[in-house]
Amino acid sequence: MLQMGTGRKKDNPKIIVIVGPTASGKSDLAVSLAKKFDGEIISADSRQVYKGMDIGTGKIKEEEMKGVPHYLLDVADPKEKFSVAKYKLLAEEKVEEIINKKKLPIICGGTAFYVSAIADGIIIPEVPPDWKLRKKLEELKTEELFNKLKKIDIGRAKKIDEKNRRRLIRAIEIVDKTKKPVQKTRIEQKYNPLFIGIQIEKEKLHERIKRRLDQRLEEGMIDEVMTLNKSGVSWKILEDFGLEYRWIARYLQNKIDYNEMYESLLTDIKKFSKRQMTWWKNDKRISWIKKYKEAEKLIKNNAF
RNA sequence: GCCGCGGUAGCUCAGUGGUAGAGCACUUCUCUGAAAAAGAAGGGGUCGUCGGUUCAAUUCUGACCCGCGGCA
């Protein structure tokens, strides 16, 4: 959990932040609120940033936007790596633009890390990924990675998840480039966010997840993945995207049959929604709402 | 009806004469340029039912019940 320091700064520009698990109806809520309060929407979704990934990511359709401008969709090529740092840069630019237009910025998304980058203002160390270095480190055993980090940065080593190779490698990378220990997470709160969370019972959410999955399969989600692959997005990349792209890619490679693809995917989406909630459910700043009207009231009461 | 095989965690299955494990699921959690990613911890079973042998049975044995396959 991040330490907020002085907390919300009253003078900072106000923004709305909508969070909630996948399939909970964030996009619809965002559009309704945007229409009501003259807002514009910035997506905070690590997969919807990619072009050509529409059905599988549940990207909002043109007609569903109802004329409300949406940003940070389709800003990246799936063949190239994207990252929170890039997201933060682009998204903050958009927030500024919207504020300058005297409109209300609404951050809406399911990627907690991305949301946090903006709404909490976490500062990401300015060390771009060095994929050559990472590849080299990848050859080391997990324990060796941990020992290496311990030697060069005992402070970080103490706090890090010592079994998590990806984190270990990143930490080593930062020390390697900056020649300094990894700094404590710093925060620069630029905005005054009002957090609205969509509350939904597990059974109902699972039902929605299944219905949405069936619908998207009918809409041609499998073709979408095939098209991506044909246009040069490797199976490996699709695997890393996770969920729909991972399971459909395995199916298209004949590694599993349709039924296994369907069942595993359904389970994984449910697990994902769970992980999203793990991130948010203990965040005291979030007001959990069940109906649109409650969100509207919240915004009014907070003098937006 | 007979013969064979099986009945162990929610699921698929290991295993042992001294009251049990794995993978997946589930629960809880972590998150410093891959985050739909990558990781961590935890709960859970009167081992089909009722008898017998034994100091001791989930393990051996008998009957029965249930499932699957074969023969009639």
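Naming convention: chains lettered A, B, ... in sequence-line order (proteins, then strands); numbering from 1 in each chain. Every value quoted in this text rests on a predicted model; they were computed, and no experiment measured them.
No salt bridge links A:Lys51 with A:Asp77; every basic N to acidic carboxylate O contact stays at or beyond 4.0 Å. Comment: A:Asp240 engages A:Lys236 in a salt bridge, judged by a side-chain N to carboxylate O separation of less than 4.0 angstrom. Comment: A:Asp54 engages A:Lys59 in a salt bridge, judged by a side-chain N to carboxylate O separation of less than 4.0 angstrom. Looking at A:Glu294 and A:Lys297, no side-chain N of the basic residue comes within less than 4.0 Å of a carboxylate O on the acidic one, giving no salt bridge. No salt bridge links A:Glu224 with A:Arg216; every basic N to acidic carboxylate O contact stays at or beyond 4.0 Å. With salt bridges taken as basic N to acidic carboxylate O contacts below 4.0 Å, none links A:Asp45 and A:Arg47. Salt-bridge annotation for A:Lys274 and A:Asp268: absent, with no side-chain N of the basic residue lying under 4.0 Å from a carboxylate O of the acidic one.
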I'd like a list of close polar pairs between nucleotides 25-28 of chain B and the protein, N/O only, cut-off under 3.5 Å.
from  : atom 1 : to       : atom 2 : distance (Å)
B:A25 : OP1    : A:Lys271 : NZ     : 2.3
B:U27 : OP1    : A:Lys202 : NZ     : 2.8
B:U27 : OP1    : A:Lys274 : NZ     : 2.6
B:U27 : OP2    : A:Lys274 : NZ     : 3.3
B:U27 : O5'    : A:Lys274 : NZ     : 3.2
B:U28 : OP2    : A:Lys274 : NZ     : 2.8

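Taking only side-chain nitrogens and oxygens, A:Arg170 comes nearer than 4.0 Å to OP1 or OP2 of B:G33. Distances shorter than 4.0 Å separate none of the side-chain N or O atoms of A:Tyr87 from OP1 or OP2 on B:G33. Between A:Arg275 and B:A37 there is a side-chain N or O to OP1 or OP2 distance below 4.0 Å. Contact annotation: A:Arg167 reaches the phosphate of B:U32 (side-chain N/O to OP1 or OP2, under 4.0 Å).
Residues passing the side chain to side chain contact (heavy atoms under 4.5 Å, CB included) test with A:Glu97, sequence neighbours excluded: A:Lys94.
Distance check on atom P: B:G48 versus B:G6 gives 13 Å, rounded to whole Å. For the P atom pair drawn from B:U19 and B:A38, the interatomic distance equals 40 Å after rounding to whole Å. Here the separation of B:G51 from B:C65, taken at their C1' atoms, is 15 Å to the nearest Å. Taking the P atom of each, B:G23 and B:G43 are spaced 14 Å apart, rounded to whole Å. B:U8 and B:G1 have their C1' atoms separated by 30 Å, with the value rounded to a whole Å. Rounded to the nearest Å, the gap between the C1' atom of B:C26 and that of B:U16 is 28 Å. For the P atoms, the distance linking B:U54 with B:G42 amounts to 42 Å, nearest Å. Taking atom P on both nucleotides, B:C66 is separated from B:A14 by 24 Å, rounded to a whole Å.
Following rounding to the nearest Å, A:Tyr50 (OH) and B:A35 (C1') show an atom-to-atom distance of 10 Å. Here B:G33 presents its P atom at 12 Å from CD of A:Glu126, a figure rounded to the nearest Å. Remark: C1' of B:U30 and CG of A:Leu168 are 13 Å apart, rounded to the nearest angstrom. If you take CD of A:Glu239 and C1' of B:A37, they are 11 Å apart, rounded to a whole angstrom. The distance from atom CG of A:Asp176 to atom P of B:G33 is 15 Å, rounded to the nearest whole Å. Whole-Å rounding puts the A:Trp280 CH2 to B:C31 P distance at 15 Å. Here B:G33 presents its C1' atom at 15 Å from CD of A:Glu80, a figure rounded to the nearest Å. Between A:Asn164 atom CG and B:A41 atom P there is a gap of 12 Å when expressed in whole angstrom units.
A:His206 contributes atom NE2, which lies 9.5 Å from atom OG1 of A:Thr267 (distance to the nearest 0.5 angstrom). In this structure, CG on A:Asp28 lies 12.0 Å from OH on A:Tyr292, to the nearest 0.5 angstrom. Atom CG in A:Leu228 sits 9.5 Å away from atom CH2 in A:Trp235 (nearest 0.5 Å).
Across all strands, A:Glu173 comes closer than 4.0 Å to no nucleic acid atom at all (heavy-atom distances). Residue contacts shown for A:Ile269 are absent, as no nucleic acid heavy atom lies under 4.0 Å away. Residue contacts shown for A:Val84 are limited to sugar-phosphate atoms, with no base heavy atom under 4.0 Å away.
Among residue pairs with one or both ends in residues 154-169 of chain A, those qualifying as salt bridge (charged side-chain N to carboxylate O under 4.0 Å, His left out) are A:Glu138-A:Arg165; sequence neighbours excluded.
Linking ILVMFWY residues whenever their side-chain heavy atoms come closer than 4.5 Å, directly or via other members, leaves A:Tyr71 and A:Leu89 in distinct clusters. Hydrophobic cluster membership differs between A:Trp131 and A:Ile174, with clusters built from Ile, Leu, Val, Met, Phe, Trp and Tyr side chains linked at under 4.5 angstrom.
Remark on RNA chain B: of its neighbouring residues A:Gly242 and A:Gln183, the 5'-side contact belongs to A:Gln183, judged by nearest-heavy-atom nucleotide.
Annotation: proximity of residues 148-156 of chain A to RNA chain B (heavy atom, distance under 4.0 Å) is found for A:Arg156, numbered in ascending order. Applying a 4.0 Å cut-off to non-hydrogen atoms, the residues of residues 244-255 of chain A that approach RNA chain B are A:Glu244, A:Arg246, listed by residue number.
In this model, a donor atom of one side chain and an acceptor atom of the other lie less than 3.5 Å apart for A:Thr22 and A:Arg212.
Ranking B:A34, B:A35, B:G39 by closeness to the A:Trp279 side chain, first place goes to B:A35. Set against B:A34, B:A40, B:U32, the side chain of A:Asp161 has B:A40 as its closest nucleotide.
Relative ring orientation between A:Phe113 and A:Trp279 is described as tilted, the plane-to-plane angle lying within the 30° to 60° band.
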(request) State the dot-bracket string of RNA chain B. Criteria: Watson-Crick or G-U wobble, both atom distances under 3.5 angstrom; notation: ( ) intrastrand, [ ] crossing earlier pairs, | interstrand, . unpaired. (result) (((((((..((((....[..)))).(((((.......))))).....(((((..]....)))))))))))).
